[in-house]
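Presented below is the structure to which this report refers.
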Amino acid sequence: MIDFQHWPETSGFLQFLKRTEPSLNDIASTPFEVLDEVGAIHLRKYHSTAKDHRWPVLILPSIINRPFVLDLLPEKSFILNLLENGHDVYMIDWGIPQSHEQYLSFEKLMTLHLEYLLQKVEMDCGGAKVHLMGHCLGGTIGLMASLMNPQRFASLTLITTPIRFSDNDKLSLWARCPDFDLQAFTEAYGNVPWFLLQSTFLALKPTQVFQKYRQLLGKLKDPRFVRNFWAMESWANDNVDLRGECFKVLLGELYQKNALEKGPMRIGKKTIDLRQHELPTFVLIADADHIVSPLSHLTAEMVPNVKNLKVVNSEGGHVGALIGGRSVKTIWPQLNNWMKTCEV
């Protein structure tokens, strides 16, 4: 907790905090319906009202965060932008896992839970091919799903998504620490508590929390900045636990063994090989990302069979690369135009 008593303009800051934090009505305000659910995992559908309908989109958000960052505010809602461009949008909400879900294996998550919801998407959109998008580890899972059933999808978009887990950034080095007992850890905690995950990410850049509040203090007279700041804070501090057995695979197979890039990788009875990936693929890299290193993203060398590969760098961080003010004006139009090339 930050002690604001020793900061300049403290009293004004605390008063301003109470007045300007956005109401929940401003956050994640795009209407949707829940088509189905498996345990805590929900399948949402956002309906486009645009005159010209295009191919539907399925989004897999990060598995360790709430999904509303993609619909943060009306003026910077990635989902609303897709709807305005004629796409119906489906999204997996990974939900808040209950204690018994610590035993949900990654194999069952992929081959039963996610597979069931993918079939629901197919039925709902009449068998049309879908643009698959994934953010962070949601993109990693999306890539795996596309390798298991590529015929379902028109394209794949990876947004600040780790694929190479041996890049020697802090997370990779910590995960491979020889003293880290993954089995003992999951036996002790069950589901990985959100506060352990959050503290790990904060430790990657420990001064960031002070820097962002200092920046806020300097921009109290900028209502747009303040509004965006508190909306992001609302999302950043609304975290979820990670299912224990899934954590063991994500950490053990990916971060410790780099199994996806090295391949082939087994998921239950299925074998996936990154080198067999052929879908048109859009890769968004955040140059200032301290969570997913720019060196850990998908590269052309990993997927020699992909003929339509577009790699775009953004100046933002892990989330700002997609929903930052500059990205709204530059990245969104690029992605929209690229998706049109896949709709043939």
Side-chain angles (χ1 to χ4, degrees), residues 41 60-65 92 94 97 101-115 118 132 134-150 156 158-194 196-197 200-201 204 240-277 279 281 283 291-293 295-299 301-303 318:
I41 304 172
L60 304 186
S62 172
I63 199 170
I64 57 176
N65 293 106
I92 301 294
W94 301 108
E101 291 188 75
Q102 64 182 284
Y103 303 110
L104 175 64
S105 69
F106 190 73
E107 174 191 350
K108 288 185 178 179
L109 177 74
M110 294 293 297
T111 61
L112 294 179
H113 291 51
L114 184 57
E115 172 62 22
L118 288 174
L132 179 60
H135 176 229
C136 190
L137 285 172
T140 311
I141 293 171
L143 175 58
M144 294 176 181
S146 73
L147 288 168
M148 294 169 75
N149 289 289
L156 174 68
L158 302 176
I159 302 165
T160 57
T161 292
I163 304 298
R164 170 179 289 143
F165 293 84
S166 60
D167 56 358
N168 289 331
D169 69 342
K170 293 186 183 71
L171 275 180
S172 297
L173 292 172
W174 291 347
R176 296 198 300 271
C177 176
D179 294 328
F180 182 60
D181 189 331
L182 183 56
Q183 182 64 32
F185 182 87
T186 51
E187 286 179 359
Y189 285 104
N191 291 325
V192 183
W194 66 266
L196 283 181
L197 295 169
T200 299
F201 295 127
L204 293 172
V240 296
D241 298 345
L242 178 58
R243 294 163 178 87
E245 287 297 312
C246 292
F247 175 76
K248 287 169 67 174
V249 171
L250 292 173
L251 202 79
E253 294 298 314
L254 298 183
Y255 276 96
Q256 293 182 347
K257 298 179 182 178
N258 195 29
L260 181 57
E261 183 190 7
K262 287 182 177 180
M265 178 180 176
R266 290 193 62 81
I267 302 176
K269 296 180 180 179
K270 293 233 176 186
T271 300
I272 58 174
D273 189 340
L274 185 57
R275 287 170 289 277
Q276 301 303 314
H277 179 62
L279 284 176
T281 304
V283 179
I291 296 175
V292 176
S293 164
L295 298 176
S296 66
H297 287 269
L298 187 78
T299 65
E301 291 75 18
M302 297 179 189
V303 286
H318 187 63

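Note: hydrogens, waters and symmetry copies are ignored here, and every other heavy atom, side chains too, is used.
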Q) Do Leu298 and Thr281 touch side chain to side chain, with heavy atoms closer than 4.5 Å? A) yes
**OP:** For the pair Thr161 (side chain) and Ile159 (backbone), establish whether a donor and an acceptor sit closer than 3.5 Å, ignoring hydrogens and angles.
**Re:** yes
Can you tell me how the ring of Phe180 sits relative to the ring of Phe247, calling it parallel under 30°, perpendicular over 60° and tilted otherwise? perpendicular
Query raised in the report: Is the backbone of Leu147 close enough, under 3.5 Å, to the side chain of Gln276 for a donor and an acceptor to pair up by distance?
Result: no
When every non-hydrogen atom of Leu279 is compared with those of Ser146, the smallest separation belongs to CD1-CB, 3.7 Å
Here the gap from Leu197 atom CG to Leu242 atom CG, rounded to the nearest 0.5 Å, amounts to 6.0 Å
(Q) Please evaluate residues Val292 and His297 with respect to the criterion side-chain contact (heavy atoms from CB on, under 4.5 Å), reporting the C-alpha separation (whole Å), side-chain torsions for both, the decisive distance (0.1 Å), and the verdict. (A) CA-CA 8 Å; Val292 176; His297 287 269; 3.7 Å; yes
Worksheet item: Between Trp94 (side chain) and Ile64 (backbone), is there a donor-acceptor pair under 3.5 Å?
Response: no
Correct closest heavy-atom pair for Glu253 and Met265 would be CB-CE, 4.1 Å
Minimal heavy-atom distance between Gln183 and Lys248, with the atoms involved, is OE1-NZ, 2.9 Å
Rounding to 0.5 Å, atoms OG1 (Thr299) and CD1 (Ile163) come to a distance of 10.0 Å
Crowding at OH, Tyr189 (>12 non-hydrogen neighbours, <6.0 Å): no
Evaluate His135 against Asn65 for side-chain contact (heavy atoms from CB on, under 4.5 Å), listing each step before the verdict.
CA-CA 10 Å; His135 176 229; Asn65 293 106; over 6 Å; no
Report yes or no: does Arg243 contribute a side-chain atom to a donor-acceptor pair with the main-chain N or O of Gly190 at less than 3.5 Å? no
In terms of heavy-atom contacts, His318 and Cys136 come closest through NE2-SG, 3.4 Å
One should read off an interatomic distance between Thr160 OG1 and Ile291 CD1, to the nearest 0.5 angstrom, of 8.5 Å
- Query: Just by distance, with hydrogens left out, do Ser166 and Asn258 show a side-chain donor and acceptor under 3.5 Å apart?
  - Reply: yes
Practice item. Tell me yes or no: between the side chains of Arg266 and Thr271, is some donor less than 3.5 Å from an acceptor? Key: yes
Q.
Tell me whether Ser62 contacts the main-chain N or O of Leu137 through its side chain, where contact means a donor paired with an acceptor under 3.5 Å.
A. no
dist Met302:CE -> Leu274:CG (nearest 0.5 Å) comes out at 7.0 Å
The reported gap from NZ in Lys108 to SG in Cys246 (rounded to nearest 0.5 angstrom) is 11.0 Å
Any sub-3.5 Å donor-acceptor pair from Thr140's side-chain atoms to Pro162's backbone N or O? yes
Review point. Can you find a heavy atom in the side chain of Leu109 that is under 4.5 Å from one in the side chain of Val249?
Key: no
*How far apart are the C-alpha atoms of Gln102 and Asn191, what are their side-chain angles, what is the distance that settles it, and do they pass the side-chain contact (heavy atoms from CB on, under 4.5 Å) test?*
CA-CA 5 Å; Gln102 64 182 284; Asn191 291 325; 3.3 Å; yes
Walk me through whether Thr200 and Trp174 qualify under side-chain contact (heavy atoms from CB on, under 4.5 Å). CA-CA 10 Å; Thr200 299; Trp174 291 347; 3.8 Å; yes
| With no hydrogens and no angle check, is any side-chain donor or acceptor of Thr111 less than 3.5 Å from a backbone partner on Glu107? | yes
Distance col, row Leu254:CG vs Met144:CE, nearest 0.5 angstrom, shows 4.5 Å
